[in-house]
Asker: 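So that we are looking at the same thing, I have put the structure below in structure tokens.
By convention in this document, chain letters (A, B, ...) are assigned in the order of the sequence lines, proteins followed by strands, and residues within each chain are numbered from 1. Keep in mind the model is a prediction, meaning the values are calculated, not measured.
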Number of protein chains: 2
Amino acid sequence: MSAKTKVTIHDIAEKLNITASTVSRALNDNPRISDATKKAVLKTAKQLNYQPNNIAAALRNGKSFIIGVIVPTADRYFFASVVRGIEEIANNLNYKVIICQSYDIYEKEVQTIEALLNARVDGIIASISKNTENFDHFKKVQSKGIPLVLFDRTTDELEVSQVMIDDYLGAYKSVEHLIQQGCKRIAHFTSTKKVSVFKERLRGYTDALRDYEIPFDEQLVVRSNLQLEDGRESMETLLKLKTMPDAVFSSSDYAAMGAMQVLKERNIRIPEQVALAGFSNEPFTSFTDPTLTTVDQRSIKMGNITAELFFEHFKSGDKAFVPQKTVLKPELIIRNSTLRKG
Amino acid sequence: MSAKTKVTIHDIAEKLNITASTVSRALNDNPRISDATKKAVLKTAKQLNYQPNNIAAALRNGKSFIIGVIVPTADRYFFASVVRGIEEIANNLNYKVIICQSYDIYEKEVQTIEALLNARVDGIIASISKNTENFDHFKKVQSKGIPLVLFDRTTDELEVSQVMIDDYLGAYKSVEHLIQQGCKRIAHFTSTKKVSVFKERLRGYTDALRDYEIPFDEQLVVRSNLQLEDGRESMETLLKLKTMPDAVFSSSDYAAMGAMQVLKERNIRIPEQVALAGFSNEPFTSFTDPTLTTVDQRSIKMGNITAELFFEHFKSGDKAFVPQKTVLKPELIIRNSTLRKG
DNA sequence: AAAGGTTGCGCAATCGTTTGCATTTTATAA
DNA sequence: TTATAAAATGCAAACGATTGCGCAACCTTT
């Protein structure tokens, strides 16, 4: 059809014997343009198969209507849901969201930030990579006056708005639940101390033990990267102890799953001999046998709130915006892996 | 620090008493610029905290170095992996990938295409939404001379390059395997006939039955949206038949999982009474009990190939590029849900 | 020493939209 | 009818980077 792939507002203007200014205003529904002209412009635009060029507009406006979202990985239910929650709000306000994955690699995170900056996104929402210990790239974003909001994986080294769940509470409730089920020797799978979510969950774990007067045993805290395989290894480690634990509270559903596999292979009954609780409420947790007790992180809600916070920040025009910290209450999902009947 | 958030090549030029042209060339490592000047420019750029503006460059070049990828949803392992495979290739060639989700909603898909077109992406890679029956928006992309490649969920209504797995073969092998395990009454969960992948899998199913001289029974083919809940309902439906099936080949792992739940609730033994096979090799399929036999779709590989095909298309400059169709061989992953011992 | 080649850089137009400030046209009031 | 306000549109300069062409200055060759 239209071989000429470059129809601009000038072409429309020419055809209508008006100027590009008028066409631009007409397309943007500017009140200063008569309805008749608007109609004509719209019609001609359609007819010429006109395609707006956001790049030109963005250049002129210094505004791209795009916000960049950086997540460690998009294939985890939690992150995917948060993104969905963000999109809901953003799309409503006519903003587009571009999703970027850091794959939990620090260098990639830095590169991604740089790319987003170059692309002149209007703002950035991110969940920090697990391996990030230097935050200069985020500081750079802020120093350029670009709105930045962090969610879930945040840090205190940045003066930035953040949204997270109360990991401490989620952990505390999990462990409390395990104790109420009669568990007395509760192990914990965790990861690096650098990431606050893991630190908080560990704190919830220890505090619950303390409150219920269960002695803390260093040996029962196993650190790893919390993937499935790590969970398997961690469980093996625990099983080698002189006294086996009677419960595991894992900071990750995947690691909990690994533990479940090992236990089943050894015919150790869940939850009778060892109760098992995870964290995140990944969809598969309701598919396992037994179904896995876990903590729901209110992901969609978190996305909504993050986006709302972002746009608040946005409107306040960067001037004197006080970073805000929102903490959501998690929900303990009790399933069969911890429910000792009778 | 730098309050002036708008450092351009002109600022660099001014400070160095040269012109913006030279700065531009220096930054792009143009051989016509002396090394001394390049060094100086780089240094000053760093010093002034210069941030390249891709928008301006894109406007001038008519090239954004961004390719849009549209997937139904990013939280499915298969799609996430394909995206990863695409990114691997694209990033290597200095292209950025922006991920968009259609959420399997036709209107959203159309909007997304429009947004990508407006954003002047250099090309689009997509997997069609389940509910799309009109392909005008894709035709529009092509008519504008923008490279388009489809993967997995494709259509014959478009003259376009596409990459998919041999769904027919995957289905055939699954059903053949079930037959070899002694199943004689094999049901099939499928979805709309509009989507070729489901059509092909259905064909593989019927052909395998035919080749092994097992009568085809219309009642055993259950259509749904293939989510978990759909799988449950479909299984319930099957159980109401006068003669129960002794196997189910599901076009989706989720639906297979739903069926598994129902069967377990009714204490029907898997695979002895009913064998179960899914499709896609979602990670959770190895977490279920019994583990679920399924078909791996070579997702990363598919992403790689899709991207390579895309860039071929790209280089050939749109002129006389013959759409290419690549079909990958799927791999049958045999697990316990179909393995009848002895 | 003159002709031709290199090297290094500047000029100015261009990409497509937007917008402040005219300017023209039309409607209203005196 | 004329001054005046209101309405509709035009002019031209941005936004920031790129690039074809041109022009010095310097080097080589015979």
Asker: Rounded to whole Å, please give me the gap between CG in A:N118 and P in D:dT18.
Answerer: 11 Å
Asker: Using whole Å, what does the distance between atom C1' of nucleotide D:dC15 and atom CG of B:N53 come to?
Answerer: 8 Å
Asker: Rounded to whole angstroms, how far apart are OH on B:Y50 and C1' on D:dG16?
Answerer: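 My rounded result for the distance is 8 Å.
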Asker: Of the options D:dA17, C:dT17, D:dT18, whose atoms approach the side-chain atoms of B:S24 most closely?
Answerer: D:dT18
Asker: Would you mind reading off the distance between A:N30 atom CG and D:dT9 atom C1', rounded to a whole angstrom?
Answerer: 11 Å
Asker: What residues, two or more places apart in sequence or in another chain, satisfy side-chain contact (heavy atoms from CB on, under 4.5 Å) together with B:S196?
Answerer: B:T154
Asker: Between atom CG in B:L27 and atom P in D:dG16, what is the gap in whole Å?
Answerer: 15 Å
Asker: Mind checking what makes salt bridge (Lys or Arg N to Asp or Glu O under 4.0 Å) contact with B:R84, not counting sequence neighbours?
Answerer: none
Asker: Which pairs of donor and acceptor atoms, one on a side chain in residues 92-100 of chain A, lie under 3.5 Å apart (sequence neighbours left out)?
Answerer:
from: A:Y95; atom 1: OH; to: A:K63; atom 2: NZ; distance (Å): 2.4

Asker: Just jot down the salt bridge (Lys or Arg N to Asp or Glu O under 4.0 Å) partners of B:R25, sequence neighbours excluded, or say none.
Answerer: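 Scan of B:R25 (salt bridge (Lys or Arg N to Asp or Glu O under 4.0 Å), adjacent residues dropped) gives none.
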Asker: Mark yes or no for whether A:N28, through its side chain, and A:N30, through its backbone, hold a donor-acceptor pair below 3.5 Å.
Answerer: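 No: the side chain of A:N28 does not pair with the backbone of A:N30.
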Asker: Output the rounded distance in Å from CD (B:E14) to P (D:dA17).
Answerer: 14 Å
Asker: Examine C:dT19: is either OP1 or OP2 under 4.0 Å from a nitrogen or oxygen in the side chain of A:N61? Give yes or no.
Answerer: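 For C:dT19, OP1/OP2 do have a side-chain N/O of A:N61 under 4.0 Å.
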Asker: Rounded to whole Å, how long is the line connecting atom CG of B:L59 with atom P of D:dA17?
Answerer: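 Spelled out: CG on B:L59 to P on D:dA17 is 12 Å.
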Asker: Please round to 10 degrees the angle between the axis of the first five pairs and the axis of the last five pairs in the helix from C:dA1-D:dT30 to C:dA27-D:dT4.
Answerer: 50°
Asker: Carefully, step by step, assess A:T37 and A:S34 under the rule side-chain hydrogen bond (donor to acceptor under 3.5 Å, both in side chains).
Answerer: CA-CA 5 Å; A:T37 306; A:S34 72; 2.8 Å; yes
Asker: Applying side-chain hydrogen bond (donor to acceptor under 3.5 Å, both in side chains), can you list everything that pairs with A:K140, at least two apart in sequence or on another chain?
Answerer: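 side-chain hydrogen bond (donor to acceptor under 3.5 Å, both in side chains) list for A:K140, sorted by chain: A:E114.
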Asker: Check every atom of D:dG16, C:dG16, D:dA17 against the side chain of A:T8 and return the nucleotide holding the closest atom.
Answerer: C:dG16
Asker: Which residues pass the salt bridge (Lys or Arg N to Asp or Glu O under 4.0 Å) test with B:K15, not counting sequence neighbours?
Answerer: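 B:K15: no salt bridge (Lys or Arg N to Asp or Glu O under 4.0 Å) contacts found.
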Asker: Under the salt bridge (Lys or Arg N to Asp or Glu O under 4.0 Å) rule, collect the residues that match up with B:K38, sequence neighbours excluded.
Answerer: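 With neighbours one apart ignored, the set is B:D29.
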Asker: Can you check each nucleotide of nucleotides 7-12 of chain C against protein heavy atoms at under 4.0 Å and return B for base, S for sugar-phosphate only, - for none, in 5' to 3' order?
Answerer: -BBBBB
Asker: Which whole-number value in Å describes the distance from A:N28 CG to C:dG16 P?
Answerer: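 In whole Å, C:dG16 P and A:N28 CG are 17 Å from each other.
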